[in-house]
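Computed from a predicted model, the values in this text were never measured in an experiment.
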Number of protein chains: 2
Amino acid sequence: MGRQRPGTPTLEEVAAHAGVGRGTVSRVINNAAGVKDSTRRIVQQAIEELGYVPNLAARSLASRRTDAVALVLTEPDWRVFSEPFFSEIVRSLGDALADTGMQLMLTLVRSDSERKRFVEYARGGRVDGVLLMSVHAGDRLPDMLAEARLPTVMLGRRSGDEYVSYVDADNVGGARSAVTHLLSRGRRAIATITGPLDMYAAQCRLRGYRDALTLAGLSGVESMVAEGDFSEGSGRRAMAELLERHPEIDGVLAASDTTAAGALQALRTAGRRVPKDVSVIGFDDFALAQRTEPRLTTVRQPLEEMGGSMIRLLLEDMEEPSVAYRHVILRTELVARDST
Amino acid sequence: MGRQRPGTPTLEEVAAHAGVGRGTVSRVINNAAGVKDSTRRIVQQAIEELGYVPNLAARSLASRRTDAVALVLTEPDWRVFSEPFFSEIVRSLGDALADTGMQLMLTLVRSDSERKRFVEYARGGRVDGVLLMSVHAGDRLPDMLAEARLPTVMLGRRSGDEYVSYVDADNVGGARSAVTHLLSRGRRAIATITGPLDMYAAQCRLRGYRDALTLAGLSGVESMVAEGDFSEGSGRRAMAELLERHPEIDGVLAASDTTAAGALQALRTAGRRVPKDVSVIGFDDFALAQRTEPRLTTVRQPLEEMGGSMIRLLLEDMEEPSVAYRHVILRTELVARDST
DNA sequence: GTGAAAGCGCTAACAT
DNA sequence: ATGTTAGCGCTTTCAC
């Protein structure tokens, strides 16, 4: 395979054309200080005339940086793509990077072999840092990157003692405040539909639910907890089961807004008035509430801030690659949209 | 900003460690022929022991290739992400590339400034080629890439006289065969709900519709054509309008399966039995039929082949950057799922 | 403020 | 079959 770009002008030719040294041209294209304004203009004109574009390979070989970061999505998360959650994160990442002049590139990793290939690619120096979205509990990718000492920041974490740098939402606190809210409105029979419990975020939300009940002096009832998987269907099923076991239910914390939507359907099918008889709160993972359940009370995650925080952490790791990893947990916010 | 990977072993150190010359090590890591098996083993062991990873910047500086291609998505297409259409394309691209050892990287381009930044990035030699998905009619990105003489292949085309290399589905033929199918089943009052007519694919599908009617000796009626935008809502609205104007409608060609789903809803609302009274056919852009309308007859696009063809074209352009662009139009297939 | 020179780590052509 | 050498195009001291 012989691919190449032919006769591209080099920095040297620009220098010759402008009648200056290569160092000066380099300074100009890097906006470095210490170049007389008149010289700068001459060089810029030469660049223009020759249609010069810096060779990025040469640049990163010499400078040991690439000004590019990768955002890695592992296969099961492709579905997230269309969700406002994903768009919002990518948008904020893009905005944060725009200021730094870095390129964001998405990488889809399906198999373990692709995982390995990506690590080689990153270790090969093609990116300055790596961002990981919603990594699953057993995924070794973060460890591989950490071993290679590549600046890495995850959105979310795999467990309670995650070491790799991450930005997460305060899931425990969010769940706790949601349940507390329900309690303050007089609800007493509060159930929860969890996410898949092999995911740390789901565990945290369940913990927050339990914490709030304990704090209120109520002992949580195990049969008031039903496991779902963040999907709408699982919300429907779980809610139906819960109602069968506990017809007295008057409050529900759903692990996601999608699950909440399913729960609402099941409640209405069962003849419950929402929110009059039963009040439902969900985490707004997919911003579903804004679309189809606008009146749903939700635990809002600060999506706009998450991307920015990730970039900040990554930059810090790149500046001074310390031994310590950095962790940020962003506050969630309860947005009460129904009157109950 | 000073980022770097410290003390990474270089090829030279590997050579020293293995007691061979650098050329030999280079041959080994590139799987080049002409290395004695015993030597190869020694070198591989040295690589293993030192944890050597090739510096990709140095490699592409010397070899003038990067072994990476970019898949660019322009903003309005983010929604496509979650669709089987997108997954299928990416999957086939990934498969095709796996054989070549190249990396696929996604790039999201929102604004014109990002467009420019990406071109600079690509011209800078960070990728060997560029793949573009569903480019809109007025988008200048393909031209910018073409001017920079970067191997580029688009999925779909912007107009009838597109010059940049592309892979497209035979939209005219698909629409024609769909309408012919309806005619053969005795349908005579055949309407169509188009896509946005500023998109070439939508124009083609409309043309195929008209062609088939003309061919059958029927003169198309202008009021049997309603413009939609590929969305479900537009399908509903358009269908309702069409029914009002032409209650006698007994066949519909929808420009996408999503639109078809909307049309079905409107038909059922209007008391029409589908497919008994009215038969509907849609293009399976979003593979919706497989999910919610399994009985819908569709014009299937060869998604699996499209990715492969794109890679093939791109590789050809990379091997011998000719002046001529290459165009491939893949056959579509009518999949009749209802009895009508 | 600017030029000159020394690499960055690799591939590829040429010796041997 | 393998070692040697000359760049690839840039950044970055270091002089001036």
Legend entry - B:Ser165 side chain vs B:Arg326 backbone, donor-acceptor pair below 3.5 Å: yes
Separation of C:dT11 atom C1' from B:Asn31 atom CG, nearest Å, is 15 Å
Computed from five pairs at either end and rounded to 10 degrees, the angle between the axes of the helix from C:dG1-D:dC16 to C:dT16-D:dA1 is 30°
* Asked: Are any of the side-chain heavy atoms of A:Leu71 and A:Thr107 separated by less than 4.5 Å?
  -> no
* Reckon A:Thr24 has a side-chain N or O less than 4.0 Å from the OP1 or OP2 of C:dT2? -> no
Whole-Å distance, A:Arg64 CZ to C:dG9 C1', equals 9 Å
A:Leu61 CG to C:dC10 P, in whole Å, measures 9 Å
Handout entry: Minimum side-chain heavy-atom gap B:Val130-B:Val72 below 4.5 Å
Key = yes
How about B:His327 and B:Leu313: do any of their side-chain heavy atoms sit closer than 4.5 Å? no
Taken to the nearest whole Å, CZ/B:Arg123 to P/D:dG9 is 15 Å
Taken to the nearest whole Å, CD/B:Glu12 to P/D:dT5 is 12 Å
Exercise. Any side-chain heavy atom of B:Val35 sitting closer than 4.5 Å to one from B:Thr24?
Worked result: yes
Its contact letters, B for base, S for sugar-phosphate only and - for none at protein heavy atoms under 4.0 Å, make nucleotides 11-16 of chain D read BBB---
Q. If we only count heavy atoms from C-beta on, is the B:Ile329 to B:Arg157 side-chain gap below 4.5 Å?
A. yes
- Between D:dT2 and B:Thr39, is there an OP1 or OP2 to side-chain N/O distance shorter than 4.0 Å? yes
side-chain contact (heavy atoms from CB on, under 4.5 Å) filter on B:Arg41, not counting sequence neighbours, yields none
From CG of B:Leu56 across to C1' of C:dC10 the rounded distance in Å is 10 Å
Side chains of A:Arg126 and B:Ser60, donor plus acceptor under 3.5 Å: yes
Can you confirm whether B:Arg158 sits close enough to B:Pro142 that some side-chain heavy atom of one is under 4.5 Å from a side-chain heavy atom of the other?
yes
